Structures are given as structure tokens and as C-alpha cells.
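No experiment lies behind these values; they were computed from the predicted model shown.
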Amino acid sequence: MSNTGLLRRTSRIFKEDGRSVIIAMDHTSFMPAPQPGLGDPTDLIREVVAGGADAVMMPAGSVVAAADAIGEAGLILSVNTSQPGLEKQLEAALQLGADAIKCMLYPWWEGHEGTGEVAWLGAEARRWGMPFMVETVPGGFVAGPELRTPERVAAAARIGVELGATMIKTFYPGTPEGMKTVVDYTPVPVVILGGAKATDEKSLLASVKEAVDGGAHGVAIGRNIWQHPNPRRMAAAIAAIVHGGASVDEAYR
């Protein structure tokens, strides 16, 4: 099968420089409480896209509610591999006009890894020419620092690739050298997640800068953008680093 569809869809997410600023807005599908900033996704999407975001990551319900606001931005459909009807997720992504599909993977979290479901989605995505993002979380979100080392993050990312991922979302391992360890072991684009809400904007921007310097292909950040008092300006600051090569101080200004 031709990979034309895969290449065209990927180009909607990763720009000419091979990098992407993705706004993760899928928290509404799994968080146990309302998420401030995500009540009305339409205004938020318009703001972050105007600030320089390349793509948004959302579950199906939000995509339907905000279809007009998404416009020409890339769209990554976030799905839950434990939900019934997994076999319908690729069909849903195509019906919604998604440019990629994304799911979670938890290497070394006994009983929760999800490797079978991820492998199945990977095969279906490959069959339909659909880019496939896997968010790899070694040991699950409750894991300790021993599972956040560059080597563990890299190994988990590679497992995602072997299951069919064409792009990986994972942790920034703390240093540009650690990021290089992850990128060198992962033969597809790697973007870093944002994690918990940061209290220091400059430290967040510094992590983005270090990750890009270490070879990361961009970010997939949520709360640190859509819970910011000015999501448009925070998206612009991150885009200035990812696409513009700005320093932390330049981006902060």
C-alpha cells in the first residue's frame, strides 16, 4: 500500500522543520473532576492556534463540539484502549477527519501494560495510512524515579515503536544529554509531555528548550498551556522555542 496518506497526514502535524507544537486537550476523557480551561474547547483552540500551535489532541466528543474551531490545525484523536469498541477507533478517526490517532502504553506496569491493544491499533493504523502516536509511561504515572531515567524512558519509547507507533510522546528525562539518549534509540519523532501544572513559567520553557536541544521534535503539552492565564501567549512562547530557536529569555518576553 502507498504511504501517501501517512505522509500527508503527518505533514499536518510536523511542519517543514520536522517539529510540532501539540496542545494536549484529552484530559476530559480520564480526569475525575472538571478541568478549568477545557469547559469550552472552541475559544481555547482558536487562541492556541493563533499563538502558533500546530495541532490539537482531543477525544471524539470534544472534536465534534469544536470541529469548526480546529480549522486547518492538525488533529490527533485520543482514544482509550480499554474501552469497548476498540476496533471502531480507526474508523472513527477517519470519519472525524483526524490526522493521527493516539493511545497510552505503560511498559513494566504489571497487568496494565496494554501492549496487545496498542499492537492491534498499530496494525490497523498502518493498514489505513494513519499516523499513530503512543504515549509511553514506564511503570505508569505512579512509578518512581528509577523508571524515569533516560535509559528507561528510551526503552519504553522503543517498545511503542515496535508496536507500531510512528510518533512517540513521553517524558523529558531531565537533561539534553538524557533527551539525546531517548531520541537516538527511538527511530520516529519524539515529543515531550508537559506533566503537572508548572508553578514557574521559565522553568517550563527551559525544559522545552533543553529537550529541543537534545533532539526532541517538539512538545505535546496540556495544562501548562490551557490553564495559563493567557494560553495564546504561552503557546506562542513555546512555538518560538520549538520552531524559532528562541532562547528562554526571548520566549519568556
Side-chain angles (χ1 to χ4, degrees), residues 3 5-15 18-30 48 53-60 62-63 70 73-83 86 89-94 96-107 113-138 141 153-154 156-172 179 182-183 185-195 211-212 215-222 225 238 242:
N3 64 351
L6 179 67
L7 294 174
R8 286 180 60 84
R9 293 183 179 106
T10 300
S11 71
R12 296 284 300 277
I13 300 168
F14 291 90
K15 301 309 176 182
R19 295 176 179 175
S20 185
V21 176
I22 301 164
I23 312 302
M25 301 172 60
D26 54 350
H27 302 63
T28 52
S29 65
F30 60 86
V48 297
D54 301 305
V56 293
M57 178 191 302
M58 308 170 71
S62 292
V63 173
I70 296 169
L75 172 61
I76 303 171
L77 182 68
S78 179
V79 304
N80 184 345
T81 56
S82 65
Q83 66 193 36
L86 180 63
Q89 296 311 309
L90 262 295
E91 181 180 324
L94 292 167
L96 291 169
D99 301 297
I101 194 166
K102 172 259 181 184
C103 73
M104 306 294 297
L105 177 67
Y106 304 103
E113 293 91 341
T115 52
E117 293 85 353
V118 173
W120 191 92
L121 270 179
E124 283 294 287
R126 187 162 50 247
R127 184 164 74 97
W128 289 103
M130 177 68 72
F132 182 36
M133 174 181 282
V134 176
E135 180 172 349
T136 55
V137 182
F141 284 105
V153 173
R158 186 57 179 263
I159 292 172
V161 174
E162 304 302 357
L163 295 175
T166 61
M167 55 189 84
I168 291 289
K169 174 186 176 186
T170 193
F171 297 93
Y172 170 56
M179 191 77 246
V182 177
V183 171
Y185 197 60
T186 310
V188 300
V190 178
V191 298
I192 63 164
L193 57 83
V212 170
H217 297 80
V219 302
I221 291 179
I225 293 178
I238 292 173
V242 172

Test side chain to side chain contact (heavy atoms under 4.5 Å, CB included) on V118 and V134; report intermediate values, then the result. CA-CA 8 Å; V118 173; V134 176; 3.9 Å; yes

Please determine whether a side-chain nitrogen of the Lys or Arg among D26 and K102 lies less than 4.0 Å from a carboxylate oxygen of the Asp or Glu.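 Judged by the 4.0 Å cut-off on N to carboxylate O distance, D26 and K102 do form a salt bridge.
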
Is the shortest distance from a Lys or Arg side-chain nitrogen in D99 or R9 to a carboxylate oxygen in the other one below 4.0 Å?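 Between R9 and D99 there is no salt bridge, as every charged N stays at least 4.0 Å from the carboxylate O atoms.
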
Can you name the nearest heavy-atom pair linking [X] to [Y], along with the distance?
| X | Y | result |
| --- | --- | --- |
| T170 | T136 | OG1-O, 3.1 Å |
| A165 | V188 | O-CG1, 3.7 Å |
| F132 | G164 | CD2-O, 3.5 Å |
| A100 | M167 | CB-CE, 4.5 Å |
| A53 | I23 | CB-CG1, 3.6 Å |
| A220 | V191 | CB-CG2, 4.0 Å |

For the backbone of [Y] and the side chain of [X], can you confirm whether one donor and one acceptor N or O come within less than 3.5 Å of each other?
| X | Y | value |
| --- | --- | --- |
| S62 | P59 | no |
| R158 | T186 | no |
| S20 | I13 | yes |

Would you mind reporting whether [Y] and [X] have side-chain heavy atoms less than 4.5 Å apart?
| X | Y | result |
| --- | --- | --- |
| P131 | L6 | yes |
| W128 | I101 | no |
| V79 | L121 | yes |
| V212 | R19 | yes |
| M179 | V190 | yes |
| F171 | V137 | yes |
| L90 | M130 | yes |
| L193 | I221 | no |

Check against side chain to side chain contact (heavy atoms under 4.5 Å, CB included), M133 and M57: CA-CA 10 Å; M133 174 181 282; M57 178 191 302; 3.4 Å; yes

Working to the nearest 0.5 Å, report the span between [atom1] of [X] and [atom2] of [Y].
| X | Y | atom1 | atom2 | value |
| --- | --- | --- | --- | --- |
| L94 | Q89 | CG | CD | 11.5 Å |
| R12 | D54 | CZ | CG | 11.5 Å |
| E124 | L86 | CD | CG | 9.0 Å |

Would you please test V219 and I22 for side chain to side chain contact (heavy atoms under 4.5 Å, CB included) and show each step? CA-CA 6 Å; V219 302; I22 301 164; 6.0 Å; no

Between T81 and M104, is a side chain to side chain contact (heavy atoms under 4.5 Å, CB included) present by the stated rule, with each step listed? CA-CA 7 Å; T81 56; M104 306 294 297; 5.9 Å; no

